[in-house]
Amino acid sequence: MAAEDFTPGLNFIRTIIEADIKAAKNGGRVHTRFPPEPNGYLHIGHAKSICLNFGLAAEYRGLCNLRFDDTNPGKEDVEYVDSIMADVRWLGFDWQDRLYYASDYFEQLYQFALHLIRTGKAYVCALTADQMREYRGTLTDPGKNSPCRDRSPEESLDLFQRMRAGEFPDGAYVLRARIDMASPNLNMRDPVLYRIRRESHHRTGDRWCIYPMYDYTHPISDALEGITHSICTLEFEDHRPFYDWVLDQLPVPCHPQQIEFARLNLSYTVMSKRKLLELVDKAYVRGWDDPRLPTIAGLRRRGYTPEAIRYFAELVGVAKRESMVDMALLEHCLREDLNRRARRVMAVLRPLKVVITNYPEHQVEELAAENNPEDPGMGTRKLPFSREIYIEQDDFREDPPKKFFRLSPGKEIRLKHAYYIRCDQVVKDTSGNISELRCSYDPDSRGGGTQDGRKVLGTSHWVSAAHAVDAEVRLYDKLLSVPDPADEKEGKDFKEYLNPVSLEIVKGCKLEPGLAAASPGDRFQFLRQGYFCVDSDSSPEQLVFNRAVTLRDSWAKIEKARQNK
RNA sequence: UGGGGUGUGGCCAAGCGGUAAGGCAUCGGCCUUUGGAGCCGAGAUUCGUAGGUUCGAAUCCUACCGCCCCAGCCA
């Protein structure tokens with residue numbers, strides 16, 4: 001099914017929203033937000049969330065904000081906010097004038113904290129981090145009240161103001177909510193609201209030395225922005241009671257509904273920011289946009305389209321069940337999109353020279369080739385044909401196995417858009433390697449067919465030797481050699497499962513001449529091989545292509561099945 | 001062992017008391033100037049397990065089992 005013909009079904013979130021609209025909750029409004037922390041690059045899992053939040057807003061004629069959850073200055077950076085904005089835009093979404101930062105709310109957050117202190121809902125606590133851990137209790141045992149818990153509002157107010165004024169060293173005090181140290185939900189055992197931290201913030205500089213915690217910041221930010229449905233991932237389900245508690249204590253404009261869904265997991269790759277950061281930092285890959293990574297930047301460089309990613313986000317669905325989606329589905333989405341849009345071109349990755357002995361020595365013909373059989377509107381182009389050409393090494397076998405439709409001694413194949421050729425002679429070098437094939441062509445087969453109805457099973461791509469342009473082609477494969485490292489032996493680090501051949505660089509590839517004009521980001525189908533994208537390293541002098549995804553390959557399947565026997 | 005979630009074919013996922021959608025993957029077949037694309041077909045007697053309610057249960061009830069998350073002054 002084509003991506004744009006796909007009609008999304010109902011999922012549990014759409015069900016909730018439709019019920020809310022029907023009940024005229026929030027005046028029938030739908031307002032979502034995508035709230036990344038700028039501490040890393042976005043990946044395909046974030047894309048699922050972006051498509052969900054912006055998609056829902058578009059679907060129900062609502063709005064979606066982009067908001068940076070920047071409450072932890074030590075980990076955050078402008079490099080990340082820039083990349084995040086670029087990635088969201090590239091995916092095709094627009095937050096218009098609604099770009100927000102949690103740090104924009106620091107003053108309001110502070111005022112709300114004062115309110116909580118005055119109403120006895122928060123207090124300044126002097127317990128150290130270690131003590132606080134002890135006082136918190138365990139999963140099965142209730143916690144103990146902090147000795148500071150009964151501090152008067154006046155005293156807490158004074159202390160909190162002095163925390164802001166910078167009178168105390170980092171860690172000396174925190175502001176805590178006063179809820180219930182015996183709650184079975186650890187998030188309700190007087191969670192920390194503010195901590196002292198002398199760290200420069202990428203937006204507020206040194207204006208603050210106290211920073212609010214996520215759990216306190218998030219519900220208020222949502223409420224201030226008039227969010228109706230605050231969609232987040234499953235691990236925040238336990239935080240929802242606190243989310244609601246905060247909003248219930250404060251004079252905020254509205255009370256958004258938090259809804260949790262399962263984050264995306266993809267086989268053969270890693271999706272945690274920590275692991276991705278490690279791969280980048282320790283140079284296991286060539287940066288955040290390495291085409292092997294599931295980052296948006298990596299997928300973009302690899303050749304993925306926003307359409308393919310959006311289609312994928314729709315296909316994987318939204319549910320509460322933890323799952324592992326097969327990488328094959330992502331690949332399918334790209335093929336689906338590019339099959340109808342990508343120009344077909346001929347590129348020989350591992351060239352084998354073929355001399356057509358009965359073809360006139362200096363003759364060059366221009367043969368017409370369609371640019372995309374799926375879309376005649378994409379037109380045709382001319383391909384030069386001459387006596388010496390290159391075909392793919394894999395397209396010739398001196399001793400062909402059964403079902404091998406390609407070229408072998410005495411056999412005939414079709415050169416796509418050109419002629420039938422028959423292999424007459426195999427030329428080898430002194431060490432016995434095949435150096436060239438000598439073939440003869442059938443002049444009646446010009447264009448790739450004859451009148452006699454002769455069956456030619458194999459069709460090869462080719463390129464005229466004298467006219468070919470050289471290129472480097474980077475063949476990418478799975479990042480990991482196992483679908484899910486968590487399923488493997490205990491105690492092994494995920495890096496032990498890194499696929500050693502996730503990148504193979506092939507040089508001296510021969511491409512049809514028109515490709516000399518290709519520029520970075522251009523995508524093509526290399527006939528019979530896959531979809532390729534011009535890399536950002538590419539230049540007119542040194543063309544570089546990335547393989548985004550292979551074509552489905554039934555011959556490879558036959559061979560693999562044979563091997564497994 | 002406290003709390004919160006979740007269990008539908010290999011992987012996702014609909015289903016919400018009336019007798020198992022759809023997609024990916026897999027396997028057949030047709031077609032083909034890409035072993036691509038396209039087309040046709042195959043596969044859960046069964047919905048974690050065991051009981052129960054009902055004319056009827058994946059859907060309701062009970063018990064049990066599995067898996068995930070929570071003890072950051074991270075998000």
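Below, chains carry the letters A, B, ... as their sequence lines are ordered, and counting in each starts from 1.
Residue A/L527 is in base contact, counting any heavy-atom pair closer than 4.0 Å across all strands shown. Residue-level contact check: A/P373 touches the bases, meaning some heavy atom is under 4.0 Å from a base atom. A/L127 comes within 4.0 angstrom of a nucleotide base, judged by non-hydrogen atoms across all strands. Residue contacts shown for A/T138 include a base, since a base heavy atom lies under 4.0 Å away. Residue A/R414 is in base contact, counting any heavy-atom pair closer than 4.0 Å across all strands shown. At the heavy-atom level, A/H239 lies under 4.0 Å from base atoms of the strands shown. Nucleic acid contact class of A/A129 (heavy atoms, under 4.0 Å, all strands): base. Across all strands, A/I558 comes closer than 4.0 Å to base atoms (heavy-atom distances). A/Y419 comes within 4.0 angstrom of no nucleic acid atom, judged by non-hydrogen atoms across all strands. Using a 4.0 Å heavy-atom cutoff across all strands shown, A/E374 reaches at least one base atom of the nucleic acid. Residue-level contact check: A/F236 touches the bases, meaning some heavy atom is under 4.0 Å from a base atom. If you check every strand for non-hydrogen atoms under 4.0 Å, A/V174 touches a base. Looking at heavy-atom distances under 4.0 Å, A/T140 makes contact with a base. Among the heavy atoms of the strands, none lies under 4.0 Å from A/H461.
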Exercise for review: Give the intermediate values and the outcome of ring pair (Phe, Tyr, Trp, His ring centres under 6.0 Å) for residues A/W462 and A/F385.
Suggested key: CA-CA 9 Å; A/W462 55 275; A/F385 184 83; 5.2 Å; yes

Exercise for review: Take A/F242 and A/H239, measure what ring pair (Phe, Tyr, Trp, His ring centres under 6.0 Å) needs, and give me the verdict at the end.
Suggested key: CA-CA 5 Å; A/F242 182 64; A/H239 298 234; 8.4 Å; no

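Pair assignment for B/rC60: B/rG52, on the basis of Watson-Crick or G-U wobble contacts that are both within less than 3.5 Å. When Watson-Crick and G-U wobble pairs are counted only if both distances are under 3.5 Å, B/rG17 pairs with no nucleotide at all. Remark: B/rC31 base-pairs with no nucleotide in the shown strands. Criterion, Watson-Crick or G-U wobble with two distances under 3.5 Å. Both distances falling under 3.5 Å, in either a Watson-Crick or a G-U wobble arrangement, place B/rG66 opposite B/rU6.
Distances shown here put every side-chain N or O of A/R176 at or beyond 4.0 Å from the OP1 or OP2 atom of B/rG72. Contact annotation: A/R195 reaches the phosphate of B/rA75 (side-chain N/O to OP1 or OP2, under 4.0 Å). The side chain of A/K557 places an N or O atom within less than 4.0 Å of a non-bridging phosphate oxygen (OP1 or OP2) of B/rU26. Side-chain nitrogen and oxygen atoms of A/R340 include none within less than 4.0 Å of the OP1 or OP2 phosphate oxygen of B/rA37. Contact annotation: A/R197 reaches the phosphate of B/rC74 (side-chain N/O to OP1 or OP2, under 4.0 Å). Checking the phosphate oxygens (OP1, OP2) of B/rU32, no side-chain nitrogen or oxygen of A/T459 falls inside 4.0 Å. The shortest distance between the side-chain N/O atoms of A/T128 and the OP1/OP2 oxygens of B/rC73 is not below 4.0 Å. In this model, the phosphate group of B/rC24 is approached by a side-chain N or O of A/H332 to a distance below 4.0 Å at OP1 or OP2.
Mapping A/W555 and A/F12 onto RNA chain B via the closest heavy atom, the residue that lands nearer the 5' end is A/F12. Nearest-nucleotide positions on RNA chain B place A/L234 closer to the 5' end than the other of A/V318 and A/L234.
Among B/rA75, B/rA37, B/rC12, the nucleotide with an atom closest to any side-chain atom of A/N339 is B/rA37. Checking B/rC24, B/rU6, B/rC73 against every side-chain atom of A/K320, the shortest atom distance belongs to B/rU6. In the set B/rG3, B/rG72, B/rC11, B/rG3 carries the atom at the smallest distance from any side-chain atom of A/P184. Taking only side-chain atoms of A/V316, from C-beta outward, the nucleotide of B/rC12, B/rG5, B/rG36 with the closest atom is B/rC12. Considering only side-chain atoms of A/L329, the nucleotide from B/rC24, B/rG3, B/rG35 that sits closest is B/rC24. Of all nucleotides listed (B/rA14, B/rA13, B/rG35), B/rA14 comes nearest to the side chain of A/N11. If you check B/rC73, B/rC24, B/rG36 against the side chain of A/L551, the one that comes closest is B/rG36. The side chain of A/K416 lies closest to B/rU34 when the candidates are B/rU34, B/rG23, B/rA71.
Glycosidic conformation, B/rG48: anti, with the torsion outside 90° of 0.
Separating the CG atom of A/L264 from the C1' atom of B/rC12 is a distance of 10 Å, rounded to the nearest angstrom. One atom, CD of A/E235, and another, C1' of B/rG3, lie 17 Å apart when rounded to the nearest Å. Per the geometry, CG belonging to A/L415 stands 13 Å off C1' belonging to B/rU34, to the nearest Å. Atom C1' of nucleotide B/rC12 and atom CD1 of A/I44 are separated by 14 Å, given to the nearest angstrom.
Under the side-chain contact (heavy atoms from CB on, under 4.5 Å) test applied with A/P36, the options A/V81, A/D69, A/L66 reduce to a single match, A/L66.
With both ends at atom C1', the span from B/rU59 to B/rG7 equals 14 Å, rounded to whole Å. Here the separation of B/rG9 from B/rU46, taken at their C1' atoms, is 10 Å to the nearest Å. Using C1' as the reference atom, B/rG29 and B/rA63 are 49 Å apart when rounded to the nearest Å. Taking atom C1' on both nucleotides, B/rU45 is separated from B/rA58 by 14 Å, rounded to a whole Å. To the nearest whole angstrom, the two C1' atoms, one in B/rU6 and one in B/rA21, are 22 Å apart. B/rC16 and B/rC61: their P atoms are spaced 16 Å apart (whole Å). For the P atoms, the distance linking B/rU53 with B/rG72 amounts to 48 Å, nearest Å.
Between the side chain of A/E322 and the base of B/rG7, no donor-acceptor pair under 3.5 Å is found. Taking only distance into account, the side chain of A/D238 meets the base of B/rG3 through a donor-acceptor pair shorter than 3.5 Å. Counting atom types as modelled, A/R552 pairs no side-chain N or O with a base atom of B/rG35 as donor and acceptor under 3.5 Å. Side-chain N/O atoms of A/Q525 and base N/O atoms of B/rU34 include a donor-acceptor pair closer than 3.5 Å.
A salt bridge is defined here as a Lys NZ or Arg NE, NH1 or NH2 lying under 4.0 Å from an Asp or Glu carboxylate O, and A/R149 with A/D190 meets this definition. Checked for salt-bridge contact, A/E370 and A/R344 miss the test: no charged N lies under 4.0 Å from a carboxylate O.
Two residues are said to be in side-chain contact when any heavy atoms from C-beta on lie closer than 4.5 Å; A/L511 and A/F532 fail this criterion.
A/R454 forms no cation-pi arrangement with A/Y420, by the criterion of a distance under 6.0 Å to the ring centre and an angle within 45° of the ring axis.
When atom types are taken as modelled, the side chain of A/R195 and the backbone of A/G171 share no donor-acceptor pair closer than 3.5 angstrom.
For A/Y216, the ring pair (Phe, Tyr, Trp, His ring centres under 6.0 Å) partners two or more places apart in sequence, or in a different chain, are A/Y194. Remark: A/Y441 engages A/Y359, A/Y419 in a ring pair (Phe, Tyr, Trp, His ring centres under 6.0 Å) (not counting sequence neighbours).
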